[in-house]
Number of protein chains: 4
Amino acid sequence: MNLTLAQAEAAVKAAKEKAAALNTLMNIAVVDAGANLIAFVHMDGAWLGSIDISMRKARTARFFNMNTGDIGQLSQPGGPLYNIEHSNGGLITFPGGIPVKDSKGMVIGAIGVSGSTVENDHAVAEAGLKAIS
Amino acid sequence: MNLTLAQAEAAVKAAKEKAAALNTLMNIAVVDAGANLIAFVHMDGAWLGSIDISMRKARTARFFNMNTGDIGQLSQPGGPLYNIEHSNGGLITFPGGIPVKDSKGMVIGAIGVSGSTVENDHAVAEAGLKAIS
Amino acid sequence: MNLTLAQAEAAVKAAKEKAAALNTLMNIAVVDAGANLIAFVHMDGAWLGSIDISMRKARTARFFNMNTGDIGQLSQPGGPLYNIEHSNGGLITFPGGIPVKDSKGMVIGAIGVSGSTVENDHAVAEAGLKAIS
Amino acid sequence: MNLTLAQAEAAVKAAKEKAAALNTLMNIAVVDAGANLIAFVHMDGAWLGSIDISMRKARTARFFNMNTGDIGQLSQPGGPLYNIEHSNGGLITFPGGIPVKDSKGMVIGAIGVSGSTVENDHAVAEAGLKAIS
């Protein structure tokens, strides 16, 4: 099973609406089971540096099948995955990336959001996720 | 002036329809005046290697304000721009990338398409362009 | 709106004068609204490693429309943006990068300075900024 | 001996004037004896993709102490330096890069120009060179 473009577009649409509801400007990226980019949008005026970050959050979430923020808990100084961000050409491990699972719990992709506080980023990613799960 | 997300999404939609009409599976990328990615979609089953190529075509078209295929005419062995592809982190200079201009002729972004023959790629990019110009 | 070369050169000139007044040797970079390099100078004898850092500071400031030092406050261990520096091909998040805004408050570019203490780097960037705003 | 910033700025100024005289929009880069960037300007409206190319031309000319176009003669298919462009993170070997020598013939830096035909690029680089030699 793999995330479809139709699912990715539904996630992006819901995420954009949530971003607007929060009065934020977001970059929203969706990757498939192979961690390849399937859909992306940059809202007008959103941070340019968050284009790349949203994609890295999505990939990071799929690479390890967990929320990016959970990895960030483990990558702190003294932690078991200290500086894991150096792998895979650069990971982003703060909140905003969430895996997408099918009805059996298999990870079929991930969504990554960047453009505001990490709390808002995560909330927008969750809104996108809910549209397809 | 800069390309808006609304314009980029209209271009992507038209390009997807053209891709379907041609019975092809495409990756479609749109960049703004600063060559930053604004919108992207990967049609289900399209070549994975063309995700990156579609983005590079869009950036290349914006970098030089011309169709990617026109640059490829100049970058051949013995040509004036031989191996220009090594610049800017890697250019793609075969057809499928087209600049987007505003009503005054200013370049405000570009569209890049990859997934089939370069003729089809270019035709799909043109269909996307027509939707917003 | 976008930063012009005339503005960038005025900023560079003022920054060089401030650097001399502080008895420092600086690298000074200016990027436009698209985070593309518009002007750069390396003062004779300035640190070679700061050539790249000055450019990254300018890009980082434009990427997130804030002073680089403010991002560095958030990217510390335990902070919400821990290790954000791994994105965008490498960010620099200590002081010395400042966004440039037009009269309406729109970000039209950024200046980045590196070559001395971060306090001096920031002071020189501010001097450059003042020449054009 | 090394190229000074004063020399680099004189070269940039002369190159900009020549670019204007030719009715072109150029990116102009100057590197020192260590192939490090000393001065750079992007003329308003010049190709964004030529920012990187001008810098690569300058570095390439210093790396081998010869005009970039001369290297391009040797890097063609079947030639002795075929695809040398793959080295050093990416070389540019078509005209527009020229070494700068001191009065004893020692190479102390290089100038690279990109933004028009390779003939114009080279002419503008030569105008910059003449201002300091």
Side-chain angles (χ1 to χ4, degrees), chain A residues 1-17 19-20 24-59 62 89-90 100 102 108-115 128 132, chain B residues 1-17 19-20 24-59 62 89-90 100 108-115 124 128 132:
Chain A
M1 268 289 289
N2 204 347
L3 196 76
T4 64
L5 177 55
Q7 287 176 299
E9 289 180 322
V12 166
K13 183 171 180 292
K16 280 200 299 178
E17 288 166 2
T24 59
L25 299 173
M26 295 292 193
N27 295 272
I28 304 156
V30 181
V31 300
D32 69 3
N36 300 296
L37 191 69
I38 298 305
F40 170 81
V41 302
H42 164 85
M43 293 173 73
D44 295 334
W47 287 331
L48 294 177
S50 284
I51 296 171
D52 179 73
I53 291 175
S54 67
M55 296 180 193
R56 289 183 192 277
K57 284 182 179 175
R59 285 200 300 269
R62 169 52 185 138
V100 179
D102 66 13
I108 58 172
I111 182 167
V113 173
S114 180
I132 53 172
Chain B
M1 268 292 287
N2 205 345
L3 197 76
T4 64
L5 176 55
Q7 287 176 300
E9 289 180 323
V12 165
K13 184 172 181 290
K16 279 200 299 179
E17 288 165 3
T24 59
L25 299 174
M26 293 294 192
N27 295 273
I28 304 156
V30 180
V31 299
D32 70 2
N36 299 297
L37 191 69
I38 298 306
F40 170 80
V41 303
H42 164 86
M43 294 173 72
D44 295 334
W47 288 332
L48 293 176
S50 285
I51 296 171
D52 179 71
I53 291 174
S54 67
M55 295 179 193
R56 289 182 192 278
K57 283 183 180 176
R59 283 201 300 271
R62 169 52 185 137
V100 178
I108 57 172
I111 182 168
V113 174
S114 180
V124 169
I132 53 172

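Everything quoted here is computed from the prediction, not taken from an experiment. The sequence lines fix the lettering, A, B, ..., with proteins before strands; numbering per chain opens at 1. Hydrogens, waters and symmetry mates play no part in the numbers below; they use all other heavy atoms, side chains included.
- Checked against Val41(B) for a side-chain contact (heavy atoms from CB on, under 4.5 Å), the options Leu37(A), Val12(A), Ile38(A), Leu5(A) give a single hit: Leu5(A).
- Between chain B and the options Asn27(A), Val30(A), Asn36(A), Leu3(A), the largest number of non-hydrogen pairs under 4.5 Å is found for Asn36(A).
- To the nearest 0.5 Å, atoms CG (Asn2(B)) and CG (Asp44(A)) are separated by 8.0 Å.
- Rounded to the nearest 0.5 Å, atoms OG1 (Thr4(A)) and CE (Met43(B)) are 12.0 Å apart.
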